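Here the structure is laid out as structure tokens; the discussion comes afterwards.
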Amino acid sequence: MTWTTLQTALAADGYVASDDLSVALHLSLTLGRPLMLEGAAGVGKTQIASSLAELRDTKLIRLQCYEGLDAAQAIYEWNYQRQLLTIRAAAENGETGAAVEARIFSRDFLLERPLLAAITQDVAPVLLIDEIDRADEEFEAYLLEILSEFQITIPELGTVKATTRPIVILTSNGTRDLSDALRRRCLYSYVEYPDRHTELAILKARCPEIEAHLGAQIVGFVQKLREEDLEKVPGIAETLDFAAALMGLGIADLTNDPAALQHTLSTLLKTQSDRANVTVEVAGRIAGRAA
């Protein structure tokens, strides 16, 4: 599969990828290297992993990162309750020592979290490490062995090597700098907000029933709205919600009813400040420029 056929296959599944992203994704699949996607929230970084899993008919395993994430939540932990019950049962039966210890620290008592689960699948899954920049810097160290060797070292069991090599997608919104060690292990692509042509193609793919004139107005409106001084710039998901809201209310032209248009902006504007700044007059002005 070439990068162009990959791009076409993704488009058929409803994901319109830029040439740069398609090439980066193709290289990641060809070389077996993790792909780091950086860009603003809402540009489609997370969706690419889901679309790729559907395209390859494989499982999507997602690790949502957050501050305080540690190995027990991301890689593995022991089933302590089951271990205690086993120890008590063994003591009642007169069992002690190394045999009991070996049993309770076996794979039967291991709880797989996303990173360990990703390397123990029979069919290579897509592993999405979402918003890695939200995790602590210390957590990145846990990833290095997995992303370079595709193996995990468990002190009680030894090294668990990958059964199959997962397809790894990391996303970052750029809230903090990521380590050089992590970046070295990944291919890289920066995902921009789509241009008008691309966003219109996305809208048509996801909302094929939308009327052409309204679709063009919606994309034009959102593109112009992004040029305003906003706290939270609307992403692609917001564009699709905006389109659904307009069609649900039976609005066929953005310039016909400024008040009705203003009511639908709850799909695009997600802070009080942005809602207050984009008044009926401002929305009407933007709609006029987008028409």
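Please read these numbers as outputs of a predicted model, since none were measured by experiment. We're numbering straight along the sequence, starting at 1.
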**Asked** Hey, is the main chain of Gly235 close enough, under 3.5 Å, to the side chain of Thr239 for a donor-acceptor pair?
**Response** yes
**Prompt:** Between Lys59 (side chain) and Val126 (backbone), is there a donor-acceptor pair under 3.5 Å?
**Reply:** no
**Message:** For Lys270, I'd like to know if atom NZ has over 12 heavy atoms of other residues, nucleotides or ligands within 6.0 Å.
**Reply:** yes
**Prompt:** Does a side chain donor of either Thr153 or Glu145 reach within less than 3.5 Å of an acceptor in the other side chain?
**Reply:** yes
**Message:** Tell me if the CZ atom of Phe150 is crowded by more than 12 foreign heavy atoms within 6.0 Å.
**Reply:** yes
**Prompt:** If only atom types and distance count, is the side chain of Thr264 paired as donor or acceptor with the main-chain N or O of Ala245 below 3.5 Å?
**Reply:** no
**Asked** Do Thr267 side-chain atoms and Glu238 backbone N/O form a donor-acceptor pair below 3.5 Å?
**Response** no
**Request:** Side-chain contact test, heavy atoms from C-beta onward, threshold under 4.5 Å: evaluate it for Asp136 versus Leu69 and give yes or no.
**Result:** no
**Request:** Please report the C-alpha distance between Glu228 and Arg285 in whole Å, then the side-chain angles of each, then the deciding distance to 0.1 Å, and finally whether the salt bridge (charged side-chain N to carboxylate O under 4.0 Å, His left out) criterion is met.
**Result:** CA-CA 12 Å; Glu228 299 292 316; Arg285 170 176 56 81; 3.7 Å; yes
**Asked** Going by distance alone, is a donor N or O of one side chain under 3.5 Å from an acceptor N or O of the other, for Glu112 and Thr120?
**Response** yes
**Message:** So for atom CD, which belongs to Glu67, do other residues, nucleotides or ligands contribute more than 12 heavy atoms lying within a distance under 6.0 Å?
**Reply:** no
**Item:** Leu240 backbone acceptor or donor facing Arg206 side chain under 3.5 Å
**Value:** no
**Message:** Any non-hydrogen side-chain atom of Thr171 less than 4.5 Å from a side-chain atom of Val191?
**Reply:** no
**Fill in**
What one should report as the nearest heavy-atom pair of Ile251 and Ala260 is CD1-CB, 3.9 Å
**Message:** Would a single hydrophobic cluster contain both Leu52 and Val168, if residues Ile, Leu, Val, Met, Phe, Trp and Tyr are joined by side-chain heavy-atom contacts under 4.5 Å?
**Reply:** no
**Message:** Assess the residue pair Glu209 and Lys204 against the criterion (salt bridge (charged side-chain N to carboxylate O under 4.0 Å, His left out)); give the C-alpha distance rounded to whole Å, side-chain angles, the decisive distance to 0.1 Å, and a yes or no.
**Reply:** CA-CA 8 Å; Glu209 69 280 7; Lys204 289 179 178 178; over 6 Å; no
**Prompt:** Does Lys232 NZ have over 12 foreign heavy atoms under 6.0 Å away?
**Reply:** yes
**Item:** From CG (Leu225) to CZ (Phe221), nearest 0.5 Å
**Value:** 5.5 Å
**Message:** I'd like to know whether CZ of Arg113 has more than 12 heavy-atom contacts from other residues, nucleotides or ligands below 6.0 angstrom.
**Reply:** yes
**Prompt:** Does atom CD of Glu211 have more than 12 heavy-atom neighbours, drawn from other residues, nucleotides or ligands, at distances under 6.0 Å?
**Reply:** yes
**Item:** Residue pair Leu35 / Ser189: nearest heavy atoms and the distance that separates them
**Value:** CD1-N, 4.3 Å
**Item:** Identified side-chain contact (heavy atoms from CB on, under 4.5 Å) partner of Leu10 from the options Thr5, Leu25, Leu21
**Value:** Leu25
**Asked** What's the shortest heavy-atom distance between Gln73 and Pro114, and which atoms?
**Response** O-CD, 3.8 Å
**Message:** Between Asn93 and Ala89 (side chain of the first, backbone of the second, donor and acceptor by atom type, cut-off under 3.5 Å), is there such a pair?
**Reply:** yes
**Request:** Establish, from distance only, whether the side-chain atoms of Thr4 and Thr2 form a donor-acceptor pair under 3.5 Å.
**Result:** yes
**Request:** Evaluate the criterion side chain to side chain contact (heavy atoms under 4.5 Å, CB included) for residue pair Glu137 and Arg176; output intermediate values, then yes/no.
**Result:** CA-CA 9 Å; Glu137 293 182 18; Arg176 70 169 177 86; 3.5 Å; yes
**Asked** Is it true that atom CG of Asp57 has more than 12 heavy atoms of other residues, nucleotides or ligands lying nearer than 6.0 Å?
**Response** no
**Asked** For Asp20 and Ser18, does a side-chain donor sit closer than 3.5 Å to a side-chain acceptor?
**Response** no
**Asked** Shared ILVMFWY cluster between Ile167 and Tyr188, side chains joined below 4.5 angstrom?
**Response** no
**Asked** Given side chains that start at C-beta, do those of Trp78 and Ile154 come closer than 4.5 Å, heavy atoms only?
**Response** yes
**Asked** Do Asp70 and Ile75 have side-chain heavy atoms sitting under 4.5 Å apart?
**Response** no
**Arg226 side chain vs Pro234 backbone, donor-acceptor pair below 3.5 Å** = yes
**Request:** Determine whether Leu111 and Tyr76 make a side-chain contact, defined as any pair of heavy atoms from C-beta on separated by less than 4.5 Å.
**Result:** no
**Prompt:** Can you check whether Asp19 reaches Gln7 side chain to side chain, under 4.5 Å on heavy atoms?
**Reply:** yes
**Message:** Test your reading of the model: is there a side-chain donor-acceptor pair from Asp133 to the backbone of Ser172, 3.5 Å cut-off?
**Reply:** no
**Prompt:** Does the side chain of Leu170 come within less than 4.5 Å of Asp130's, by heavy atoms?
**Reply:** no
**Prompt:** When hydrophobic residues are tied together by side-chain contacts of less than 4.5 Å, even through go-betweens, does Leu37 share a cluster with Leu178?
**Reply:** no
**Item:** Lys/Arg cation over aromatic Phe109: Arg82, 6.0 Å, 45° cone
**Value:** yes
**Item:** Flag for Tyr15-Gln47: side-chain donor and acceptor within less than 3.5 Å
**Value:** no
**Asked** Looking only at heavy atoms, which two atoms of Glu231 and Ser273 are closest? And how far apart?
**Response** OE2-CB, 3.4 Å
**Prompt:** Out of curiosity, does Tyr190 fall in the hydrophobic cluster containing Leu27 (side-chain heavy atoms, cut-off under 4.5 Å, transitive links)?
**Reply:** no
**Prompt:** With a 4.5 Å limit on heavy-atom distance, are the side chains of Met247 and Leu214 in contact?
**Reply:** yes
**Asked** Any chain of hydrophobic side-chain contacts (each under 4.5 Å) joining Ile169 to Val43?
**Response** yes
**Asked** Which heavy atom of Ala243 sits nearest a heavy atom of Leu203, and at what distance?
**Response** CB-CD1, 3.7 Å
**Request:** Say whether Gln217 and Asp253, considering side chains only, have a donor N or O and an acceptor N or O under 3.5 Å apart.
**Result:** yes
**Prompt:** Where the side chain of Asn79 meets the backbone of Leu110, is there a donor-acceptor pair that is under 3.5 Å apart?
**Reply:** no
**Asked** Are any side-chain N or O atoms of Gln83 and backbone N or O atoms of Ile104, one a donor and one an acceptor, separated by less than 3.5 Å?
**Response** yes
**Prompt:** More than 12 foreign heavy atoms under 6.0 Å from CG of Asp177: is that the case here?
**Reply:** no
**Request:** Indicate whether the side chain of Ser179 and that of Glu140 have a donor and an acceptor atom separated by less than 3.5 Å.
**Result:** yes
**Prompt:** When you look at Arg185 and Glu149, which way does the salt bridge (charged side-chain N to carboxylate O under 4.0 Å, His left out) test go after all the steps?
**Reply:** CA-CA 10 Å; Arg185 285 162 172 80; Glu149 305 296 334; over 6 Å; no
